[in-house]
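Comments concern the structure below.
Here is the naming used below: chain letters follow the sequence lines, and residue numbers restart at 1 for every chain. Remember, predicted model here, so these are calculated numbers, not experimental data.
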There are 2 protein chains.
Amino acid sequence: MDSDATSLDRSALVDETASAIRARIMSGEIPIGAQLRQAELAAQLGISRTPIREALRQLQAGGLIEVLPRRGAVVRVPSPWEVREAYEVRAELEGLACERAVRRVTRTLLAELRGTNDVLRANERPPAPPGPGAPVSPTTIANDRFHTLIHEMAGNERLARTIRDINEAFPRNVSALVLQDDPRHRADNLAEHERIVAALEAEDAKLARREMRDHVLAAGEQLARWYERRTATVFRG
Amino acid sequence: MDSDATSLDRSALVDETASAIRARIMSGEIPIGAQLRQAELAAQLGISRTPIREALRQLQAGGLIEVLPRRGAVVRVPSPWEVREAYEVRAELEGLACERAVRRVTRTLLAELRGTNDVLRANERPPAPPGPGAPVSPTTIANDRFHTLIHEMAGNERLARTIRDINEAFPRNVSALVLQDDPRHRADNLAEHERIVAALEAEDAKLARREMRDHVLAAGEQLARWYERRTATVFRG
DNA sequence: CCTCGCGAAATTGGATCCATCGTTGGGACG
DNA sequence: CGTCCCAACGATGGATCCAATTTCGCGAGG
């Protein structure tokens with residue numbers, strides 16, 4: 001019964017399935033703490049439970065979900081502490097990437113970086129309050145592109161992959177929400193991006209590294225605070 | 001048919017299976033490039049192919065093995081380039097860990113670090129040439145303990161996990177072999193460890209970071225060279 | 001009204017089945 | 001003698017089956 005969704009008919013079905021599930025968790029369509037029922041997922045994707053289970057094992061290895069024996073899989077609920085730890089590591093790695101990117105910076109790449117910032121500037125007033133499961137906003141795409149570009153400029157696959165792995169351990173839409181929620185955060189974020197571009201243009205590796213490091217740390221702090229408020233709310237309700 | 005091996009009867013069978021297979025790859029018992037036959041592994045572990053396949057997905061997510069559609073799983077053969085990239089990242093992360101460890105250093109921990117170095121010093125002449133699949137040597141254990149201790153001292157779970165993930169992407173016995181092969185490498189390794197301990201004792205965070213960074217980079221370079229020689233040999237033979 | 005307990009339903013997880021694809025060895029042809 | 005083709009074999013991968021365990025609901029008892 002191919003109810004809806006993406007038609008997974010290619011050869012790498014398990015990997016595709018894992019991506020599909022990951023995307024639904026990332027977007028918030030499947031919220032934090034939710035149970036992942038194998039039968040349900042199988043029905044929605046129009047496949048049997050076997051590839052579902054293999055896909056869940058992949059997500060488990062990445063730390064996005066937790067598989068409890070005989071109790072099924074659950075989307076992990078990151079603690080503020082975990083978020084801070086992860087973002088300290090990510091800040092270091094993104095800083096390194098930014099430092100390395102200085103060596104490879106070109107006018108074209110700088111222009112593309114500025115392009116992403118233009119999008120951020122234009123969308124300072126977001127069109128709609130993004131709820132969970134909403135399609136990824138232009139702002140988020142521009143943000144991602146900014147970072148991804150720098151990862152590519154760093155010219156180290158493992159570095160890019162490591163950063164990606166850390167990011168994918170947390171439902172990303174959450175961080176997007178944090179950023180888009182508060183106009184002040186958006187402004188800070190844009191200013192930090194612009195300082196990073198300036199440092200790259202000046203080919204000041206140390207400065208670029210420090211700016212990127214601080215930028216990621218600031219974002220992590222906001223995200224951690226969001227989780228703090230969230231857990232506080234949960235305990236009250 | 002429970003032929004031999006470890007009796008996997010607990011509830012987290014898939015995770016145990018993954019660990020078992022990983023251990024056999026890490027030790028070199030299953031060499032680089034080898035095919036992982038599901039039926040064979042299942043028979044050896046006395047279970048069916050289903051948990052084997054899930055375990056392979058976990059290993060695939062870690063990057064240790066590669067799963068080609070319809071062609072089964074193969075232990076990845078890292079290129080020297082990949083090794084250098086990975087060790088650049090690892091060097092940065094271990095350097096960070098070492099820098100952070102300065103804040104938490106105690107006499108007890110310093111003593112334990114020195115203890116691992118004593119083992120390295122005592123075993124400058126390794127008892128037997130370690131072949132693939134050999135049990136882990138005291139030297140390797142001491143080496144691991146040295147690094148693990150510092151990771152713990154850093155007090156950041158994610159950092160430790162990230163470093164571990166990178167390490168586990170390469171069959172570890174290879175790097176152990178590289179170290180133990182050449183007396184000169186062993187001596188260098190020991191001297192570097194001692195400099196790191198000295199920097200920790202002096203509570204010089206920046207120095208500790210630099211020493212650890214250089215140490216890991218040096219090890220990575222040796223490992224990359226080993227892979228270069230290996231691929232050269234393979235092409236000849 | 002709340003708590004405890006039992007039984008049915010739901011869910012997981014390992015084993016097994018079978019269609020499909022890849023591989024290999026042998027034979028025919030150039 | 002080398003190359004190509006085909007058939008048989010082997011392996012993978014998705015689907016299905018069934019036992020074991022957890023969860024949920026309902027009712028009895030305090």
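- In this structure, CG of A:L45 is placed 13 Å from P of D:dG14, rounded to the nearest angstrom.
- Taking atom CD of A:E16 as the reference point, atom C1' of D:dG13 lies 15 Å away to the nearest angstrom.
- Distance CD (B:E40) to P (D:dT12): 10 Å, rounded to an integer number of Å.
- Of the candidate nucleotides D:dA15, C:dA15, D:dG13, C:dA15 has the atom nearest to the side chain of B:P51.
- In summary, A:R158 and B:E82 do not engage in a salt bridge, as defined by a charged side-chain N under 4.0 Å from a carboxylate O.
- Whole-Å rounding puts the A:Q35 CD to D:dT23 P distance at 8 Å.
- C:dT12 atom P lies 9 Å from atom CZ of A:R53, rounded to whole Å.
- The CD atom of A:Q38 sits 15 Å away from the C1' atom of D:dC17 (whole-angstrom rounding).
- Checked by atom type and distance alone, the side chain of A:E85 pairs as donor or acceptor with a backbone atom of B:E157 at under 3.5 Å.
- For A:R49, taking side-chain heavy atoms from C-beta onward, the closest of the listed nucleotides C:dT12, D:dT16, D:dT12 is C:dT12.
- Under 4.0 angstrom from either OP1 or OP2 of C:dG14 there lies no side-chain N or O belonging to B:T50.
- A:D182 has no carboxylate O lying under 4.0 Å from a charged side-chain N of A:R186, or vice versa, which leaves the two without a salt bridge.
- Of the candidate nucleotides C:dG14, D:dA15, C:dA19, C:dA19 has the atom nearest to the side chain of B:R70.
- Counting any heavy atom pair closer than 4.0 Å across all strands shown, B:I52 reaches no nucleic acid atom.
- The side chain of B:S48 contributes no N or O atom lying less than 4.0 Å from OP1 or OP2 of C:dG14.
- Nucleic acid contact for B:L68: sugar-phosphate only, since backbone atoms but no base atoms lie under 4.0 Å from a heavy atom of the residue.
- No option in A:H151, A:R213, A:H215 other than A:H151 meets the side-chain hydrogen bond (donor to acceptor under 3.5 Å, both in side chains) test with A:E94.
- Within the 4.0 angstrom heavy-atom criterion, only backbone atoms of the sugar-phosphate kind lie near B:L36; the bases stay farther away.
- Side-chain proximity of B:R37 to D:dT12, C:dA15, C:dT12: nearest is D:dT12.
- Between A:R71 and D:dT23 there is a side-chain N or O to OP1 or OP2 distance below 4.0 Å.
- Rounded to an integer number of Å, the gap from CG of A:L13 to P of C:dC21 is 14 Å.
- Atom-to-atom, CZ of A:R57 to P of C:dG13 comes out at 6 Å; the value is rounded to the nearest Å.
- The pair A:E29-A:R24 counts as a salt bridge, with a side-chain nitrogen and a carboxylate oxygen less than 4.0 angstrom apart.
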